[in-house]
Each structure stands twice: as structure tokens, then as C-alpha cells.
Amino acid sequence: MSIKIPIETSARHIHISQEDFQLLFGEDAQLHYIKELSQPGQYLCQERLTVKGPKGEYQNMAILGPFRKETQIELSLTDTRKIGLPGLIRQSGDTVGSPGCTLIGPKGELILDHGVIVAKRHIHMTPADAVTLKVKDNDEVFVLTKSFGRALIYADVVVRVDWSYRLAMHVDTDEANAFSNEKEPYGVIVKFFDDNYNTDKWIEDVLSGINR
């Protein structure tokens with residue numbers, strides 16, 4: 001059994017630690033709420049930062065609250081190329097060995113030696129959703145998107161399970177532009193393989209068959 005999974009586009013944004021925030025905005029500064037996001041407890045903030053790389057910068061980048069333990073900047077692959085940074089695809093929170101950047105705020109600048117990632121596409125869901133969909137935390141699944149004339153299947157979609165989540169698949173702007181011309185896009189999980197499949201091996205096997 002499958003269910004419709006809303007697909008949301010996650011534009012470039014910043015998760016920030018309180019220590020880094022106060023360095024950039026001042027010791028007494030606080031995050032100012034604008035609106036709630038789809039995931040419970042997450043919200044868009046009034047404050048903005050400039051993110052600078054070796055070849056360019058993005059001004060007025062949104063900060064999402066609440067504070068995180070570590071500052072993380074999420075860009076698309078197109079974004080990283082524009083400002084001259086390597087595009088490392090990672091799950092949120094996995095920033096070790098990722099490229100850094102300079103953050104510029106109204107009260108100062110901060111040079112980060114890591115923290116810039118391209119977020120791996122993923123689905124937030126509750127444990128109840130996971131039971132219904134017969135998946136578990138950190139599974140990687142295929143998702144078929146609904147789109148008029150541009151439907152596609154995404155592989156390597158990570159399942160993230162927690163009671164604090166609300167069902168939604170998150171893709172970045174590059175990925176959304178590849179398929180989305182719907183006002184409320186959604187997808188469904190599809191299974192082509194058993195639980196032991198490996199996407200990279202499957203692609204290699206297909207290519208080796210073509211090249212024979």
C-alpha cells in the first residue's frame with residue numbers, strides 16, 4: 001500500500017547556532033518569527049545573512065529557526081557552482097568534511113571551515129506513516145512524482161522517521177525544476193527491488209548489459 005506524499009521545494013537557507021547568530025547579529029539579538037513551516041516547530045525568521053564563497057555570494061539568505069547545535073548552510077548544486085564551492089550531497093547534520101564559507105551579518109563576519117551541504121532528498125514521516133509504507137528510518141526508496149508531462153522517478157530518497165515529523169518529501173530547487181509544474185505536487189513510493197538492492201550496483205549491471 002502507498003499513500004500520496006506532498007513534495008515541497010526547499011530553497012537555499014541557513015540553520016544557525018545561537019553562538020554564531022549572536023556573533024553576527026549582536027549579543028542581545030534574538031530570532032524573529034515570520035511564519036511556521038511544514039515541519040512542526042520549524043519556522044522562517046526575519047533575519048537574513050549573506051553567504052560568500054570564492055567566486056560569489058548570495059545576499060538575504062533566509063534563516064530557519066529554532067537554533068541548531070551547529071550552523072549549516074543548505075544550497076542546491078547550481079548554487080554551489082555559482083559561488084565556487086564543491087557540491088557535497090549530505091543528509092542534514094552530516095557536515096564533517098564539507099566546504100566552508102563566509103557568513104556576513106549586520107554586526108560581523110564569520111568564516112566557517114565547514115557546514116555547506118547540498119541536502120540529500122528525503123521524506124519526513126511519523127512511525128505510523130513508516131508502518132503504513134513498510135519502510136524504516138534511513139531506508140532509501142524510489143519516489144514516482146505526479147506532474148503533467150514531466151513525471152519522473154527519484155532514486156536515493158532517504159526516509160527519516162520521527163514522531164515530531166509531518167509527512168512531506170523535500171527536494172531542492174534544481175530537483176523541483178526537473179519535474180514540478182503542479183501547484184501541489186506529490187509522489188508515491190515505488191519498489192522495484194527486494195530489500196537488499198543497491199542502486200549503484202543496479203545501474204552498473206544495467207550499463208554492463210548495454211555495453212556487451
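No hydrogens, no waters, no symmetry mates; every other heavy atom, side chains included, goes into these values.
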Point-to-point distance, once rounded to the nearest 0.5 Å, from OG of S164 to NE2 of H124
9.0 Å
Evaluate the side-chain contact (heavy atoms from CB on, under 4.5 Å) criterion for residues L24 and I16: first the C-alpha distance (whole Å), next the side-chain angles of each, then the deciding distance (0.1 Å), finally the verdict.
CA-CA 10 Å; L24 293 163; I16 196 165; 4.0 Å; yes
Under 4.0 Å between a Lys/Arg side-chain N and an Asp/Glu carboxylate O for E140 and K120?
yes
Shortest non-hydrogen contact from R68 toward S92
NH1-OG, 3.7 Å
Mind checking the CD1-CG spacing from I153 to L144? Nearest 0.5 Å is all I need.
5.0 Å
Between E47 and H32, is there a side-chain donor-acceptor contact under 3.5 Å, judged purely by atom types and distance?
yes
Enumerate the residue pairs fulfilling salt bridge (Lys or Arg N to Asp or Glu O under 4.0 Å) with a member in residues 5-17, sequence neighbours excluded, ordered by first and then second residue.
R12-D79
Can a donor-acceptor pair be found between the side chains of E70 and Q72 at a distance below 3.5 Å?
no
Is there a path of hydrophobic side-chain contacts, each under 4.5 Å between heavy atoms of I, L, V, M, F, W or Y residues, that connects Y165 with M169?
no
Treating R81 as the side-chain partner and G87 as the backbone partner, does any N or O pair qualify as donor plus acceptor under 3.5 Å?
no
Go through R160 and Q91 one step at a time and tell me if the side-chain contact (heavy atoms from CB on, under 4.5 Å) criterion holds.
CA-CA 10 Å; R160 301 179 60 185; Q91 285 200 55; 4.2 Å; yes
Can you find a pair of side-chain heavy atoms, one from M61 and one from I73, that are under 4.5 Å apart?
yes
Determine whether D20 and T71 satisfy the following criterion, side chain to side chain donor-acceptor pair (under 3.5 Å), listing intermediate values before the conclusion.
CA-CA 7 Å; D20 290 347; T71 296; 2.7 Å; yes
Which distance, rounded to the nearest 0.5 Å, do you find between the CD of E57 and the OG1 of T50?
5.5 Å
Nearest heavy-atom approach of A178 to L152 is O-CD2, 3.7 Å
Please give me the minimum heavy-atom distance between A168 and Q39, naming the atom from each residue.
CB-NE2, 3.8 Å
For D137 and V161, indicate whether the former's side chain and the latter's backbone hold a donor-acceptor pair under 3.5 Å.
yes
Using a 4.5 Å cut-off on heavy atoms from C-beta on, say whether the side chain of S76 contacts that of T173.
yes
Walk me through whether L44 and L37 qualify under side-chain contact (heavy atoms from CB on, under 4.5 Å).
CA-CA 7 Å; L44 176 66; L37 302 177; 4.3 Å; yes
Using 30° and 60° as the class limits, which term best fits the ring planes of Y43 and Y33: parallel, tilted or perpendicular?
tilted
Write down the atom of Y154, the atom of A176, and the distance for their closest heavy-atom approach.
OH-N, 4.3 Å
So if you build clusters from Ile, Leu, Val, Met, Phe, Trp, Tyr with side-chain heavy-atom gaps below 4.5 Å, do I63 and I34 land together?
no
Grouping I, L, V, M, F, W and Y whenever their side-chain heavy atoms are under 4.5 Å apart, do Y58 and L103 come out in a common cluster?
yes
Please name the pair of heavy atoms, one in A29 and one in Q22, separated by the smallest distance, quoted to 0.1 Å.
O-NE2, 4.1 Å
Which is it for I117 and S98 under the side-chain contact (heavy atoms from CB on, under 4.5 Å) test, yes or no, and what are the steps along the way?
CA-CA 7 Å; I117 67 166; S98 61; 4.1 Å; yes
Measuring only between side-chain heavy atoms, which start at C-beta, is V141 closer than 4.5 Å to V159?
yes
Identify, with sequence neighbours excluded, every residue that meets side-chain contact (heavy atoms from CB on, under 4.5 Å) alongside T102.
K52, I104, E109, I111
Between CG on residue L31 and SG on residue C45, distance to nearest 0.5 Å
4.0 Å
Distance (rounded to the nearest 0.5 Å) between E74 CD and T80 OG1:
13.0 Å
In short, L85 meets G100 closest at the heavy-atom pair CD2-O, 3.4 Å
Under 3.5 Å, side chain of R121 to main-chain N/O of V171, donor-acceptor pair present?
no
Min side-chain heavy-atom separation T145-I7 under 4.5 Å
yes
Any donor-acceptor N/O pair, H114 side chain to L112 backbone, under 3.5 Å
no
Taking atom CD of Q42 as the centre, report whether more than 12 heavy atoms of other residues, nucleotides or ligands fall under 6.0 Å from it.
yes
Are I3 and V135 in one and the same hydrophobic cluster, where Ile, Leu, Val, Met, Phe, Trp and Tyr link if side-chain heavy atoms are under 4.5 Å apart?
yes
Answer with yes or no whether the hydrophobic clustering places V118 together with I14; edges join I, L, V, M, F, W, Y residues whose side-chain heavy atoms lie under 4.5 Å apart.
no
Let me confirm one number: the NE2-OG1 distance from H15 to T95, rounded to the nearest 0.5 Å.
12.0 Å
Whether the side chain of D139 engages the backbone of K136 through a donor-acceptor N/O pair (distance < 3.5 Å, no angle test) should be reported.
yes
Centroid-centroid distance, F21 to F67, less than 6.0 Å
yes
Any side-chain heavy atom of I123 sitting closer than 4.5 Å to one from I189?
yes
State whether Y186 and K4 meet the cation-pi test: NZ (Lys) or CZ (Arg) under 6.0 Å from the six-membered ring centroid, and within 45° of the perpendicular axis.
yes
